[in-house]
Amino acid sequence: MASIWVGQRGTIRDYPGFSASVDAEAIHKAIKGIGTDEEALIRVLVERSNAQRQLVVKEYQAAYGKELKDDLKDDLSGNFKHIMVALVTAPAVFDAKQLKKSMKGTGTDEHALIEILTTRTSRQMKEISQAYYTVYKKSLGDDISSETSGDFRKALLTLADGRRDESLKVDEHLAKKDAQILYDAGEKRWGTDEDKFTEILCLRSFPQLKQTFDEYKNISQKDIEDSIKGELSGHFEDLLLAIVRCARNTPAFLAERLHQALKGAGTDEFTLNRIMVSRSEIDLLDIRAEFKKHYGYSLHSAIKSDTSGDYEIALLKICGGDE
């Protein structure tokens, strides 16, 4: 069965001639004793698919009686540690942990919540919810409920439920009907019927939404993004705009997130690590192409100028080529 975490446009694929025991031994050698062979760690961990890394994790535990991630945490530090630990984490668990981090402590990182919940498929969301409960003994929905409010909360909970239609078939009649409902719920009336926006944008498939947005433009002579900006506000507005952008072009949306993480003073490593790791086997090639198209320079060069040391080497290896 094809994994729901692997797409056609990743930079990382299964490593040919893979041996979990050989890799486990190489990693153990790289981290035991004084000093660490970071180069060996990068070579082994970045060049394997996540499915292969999970086999190495099992093998490592069997051979050395320790969790690989714990040994990596003890031995490494800073951003390099974070990216290495991310690589050996199963995708659903990784996303669950990212969601938890987004909601932990004072203040919520709404943009991280929005990014994860809008870019994952329904089947991925179901696995993430299960992983969240397994790790934290609390439901993802309960945590979202206690950390957010209003229409924003309602829409996030709908997305977290993983009920978005995944079919690729487009129903033109439904698209016209939904476009009219959105128009009637926003532009046409005094005040906005937010629930209608949530229902349509959080439950229809992306191909269906693209068609709906085309129909919407015919009816209202406005782009749906402009209507959302005019009708709504705050994080709810941010969330719906993210859904529109993902429906139209998910790699372009994620390229924009990477651009924000890398531009200006300081780097948003939380976002950078998440996107590089979570999309490395799905669509990072497309994200790279969109990045170059929109910003005129490559993702590779942006990472190179913004990061350093082993962390930079690992990220560039995940990124793959330079356009």
Side-chain angles (χ1 to χ4, degrees), residues 1-10 12 49-55 57-58 86-104 108-148 151-171 195 197-210 239-240 242-247 250-251 253-254 257 273-275 277-284:
M1 194 182 102
S3 166
I4 60 168
W5 300 96
V6 177
Q8 296 300 310
R9 304 284 300 151
I12 294 175
S49 66
N50 194 282
Q52 290 175 329
R53 290 184 213 121
Q54 296 316 308
L55 296 174
V57 167
K58 276 200 185 105
L87 287 169
V88 300
T89 307
V93 176
F94 177 68
D95 278 347
K97 290 188 168 179
Q98 294 283 302
L99 287 165
K100 184 69 168 178
K101 274 186 194 145
S102 307
M103 297 186 277
K104 204 161 84 179
T108 303
D109 183 344
E110 287 88 359
H111 291 288
L113 277 183
I114 290 170
E115 177 211 301
I116 298 167
L117 291 171
T118 53
T119 54
R120 303 311 188 249
T121 66
S122 295
R123 286 163 69 198
Q124 287 171 339
M125 274 320 305
K126 290 206 159 53
E127 280 198 15
I128 294 163
S129 294
Q130 282 173 337
Y132 196 95
Y133 191 78
T134 305
V135 176
Y136 301 110
K137 301 290 173 270
K138 266 188 93 171
S139 86
L140 173 59
D142 287 350
D143 277 351
I144 290 173
S145 285
S146 59
E147 291 298 325
T148 58
D151 293 307
F152 181 52
R153 171 202 285 166
K154 224 184 247 183
L156 286 175
L157 289 172
T158 307
L159 292 172
D161 247 1
R163 287 188 296 137
R164 185 185 295 288
D165 176 28
E166 303 267 81
S167 119
L168 298 174
K169 279 218 298 279
V170 173
D171 178 338
D195 284 353
F197 275 86
T198 297
E199 195 180 314
I200 292 169
L201 270 68
C202 295
L203 296 178
R204 302 287 184 259
S205 74
F206 282 173
Q208 183 67 31
L209 284 177
K210 269 165 95 166
L239 174 61
L240 294 193
I243 294 172
V244 173
R245 286 166 192 166
C246 285
T250 297
F253 170 74
L254 289 167
R257 291 279 298 152
N273 292 353
R274 179 177 56 256
I275 297 175
V277 171
S278 70
R279 308 311 287 193
S280 61
E281 291 182 56
I282 298 175
D283 55 3
L284 191 51

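In this view, Ser280 satisfies the side chain to side chain donor-acceptor pair (under 3.5 Å) rule with no residue, not counting sequence neighbours. Annotation: side chain to side chain donor-acceptor pair (under 3.5 Å) contacts of Glu110 (sequence neighbours excluded): none. For Lys154, the salt bridge (Lys or Arg N to Asp or Glu O under 4.0 Å) test picks out Asp195, with sequence neighbours left out. For Glu127, the side chain to side chain donor-acceptor pair (under 3.5 Å) partners two or more places apart in sequence, or in a different chain, are Trp5. For Gln98, the side chain to side chain donor-acceptor pair (under 3.5 Å) partners at least two apart in sequence or on another chain are Arg274.
The two atoms that bring Arg123 and Glu166 nearest to each other are N-OE2, 3.8 Å, heavy atoms only. Of all non-hydrogen atoms in Arg120 and Ile128, the two that sit nearest each other are CG-CD1, 3.8 Å. Looking at every heavy atom in both residues, Ala160 comes nearest to Ser129 through O-OG, 3.5 Å. Looking at every heavy atom in both residues, Thr118 comes nearest to Phe206 through O-CZ, 3.5 Å. Scanning both residues, Gly162 and Ser122, for their nearest heavy atoms gives O-CB, 3.3 Å. The two residues Leu209 and Arg164 have their closest heavy-atom pair at CD1-NH1, 3.6 Å.
For the atom pair Leu99 CG and Asp109 CG, the distance stands at 10.5 Å (nearest 0.5 Å). Taken to the nearest 0.5 Å, the CZ atom of Phe152 stands 6.0 Å off from the CG atom of Leu113. Atoms CD1 and CD1, from Ile12 and Ile282 in turn, are 11.5 Å apart once rounded to the nearest 0.5 Å. In this structure, OG1 in Thr198 is found 9.0 Å from CG in Leu203, a value given to the nearest 0.5 Å. Between the OG atom of Ser278 and the CD atom of Gln124 there is a distance of 9.0 Å, given to the nearest 0.5 Å.
Looking at Asn50, Asn273, Val277 one by one, the single match for side chain to side chain contact (heavy atoms under 4.5 Å, CB included) with Leu87 turns out to be Val277. Screening Asp95, Leu157, Ile243, Ile144 for a side chain to side chain contact (heavy atoms under 4.5 Å, CB included) with Leu117, the sole residue that qualifies is Ile144.
Looking at Gln54, its side chain does come within 3.5 Å of a backbone N or O of Val88 through a donor-acceptor pair. Arg153 places no side-chain N or O within 3.5 Å of a backbone atom of Glu147 that could act as its donor or acceptor partner.
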Check the pair Leu254 / Leu284 against side chain to side chain contact (heavy atoms under 4.5 Å, CB included), numbers first and verdict last. CA-CA 9 Å; Leu254 289 167; Leu284 191 51; over 6 Å; no
* Would Lys126 and Ile4 satisfy side chain to side chain contact (heavy atoms under 4.5 Å, CB included), going step by step from the backbone distance to the final call? -> CA-CA 11 Å; Lys126 290 206 159 53; Ile4 60 168; over 6 Å; no
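Residues Gln208 and Asp165 are not in side-chain contact: their nearest non-hydrogen atoms beyond the backbone lie 4.5 Å or more apart. You'll find the side chain of Ile275 stays beyond 4.5 Å of the side chain of Thr119, heavy atoms only.
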Listing, residues 134-141 side-chain donor-acceptor contacts under 3.5 Å, not counting sequence neighbours, or none:
residue : atom : partner : partner atom : Å
Thr134  : OG1  : Gln130  : O            : 2.8
Lys137  : NZ   : Thr134  : O            : 2.6
Lys138  : NZ   : Asp143  : OD1          : 2.8
Ser139  : OG   : Asp142  : N            : 3.0
Ser139  : OG   : Asp142  : OD1          : 3.4
Ser139  : OG   : Asp142  : OD2          : 3.4

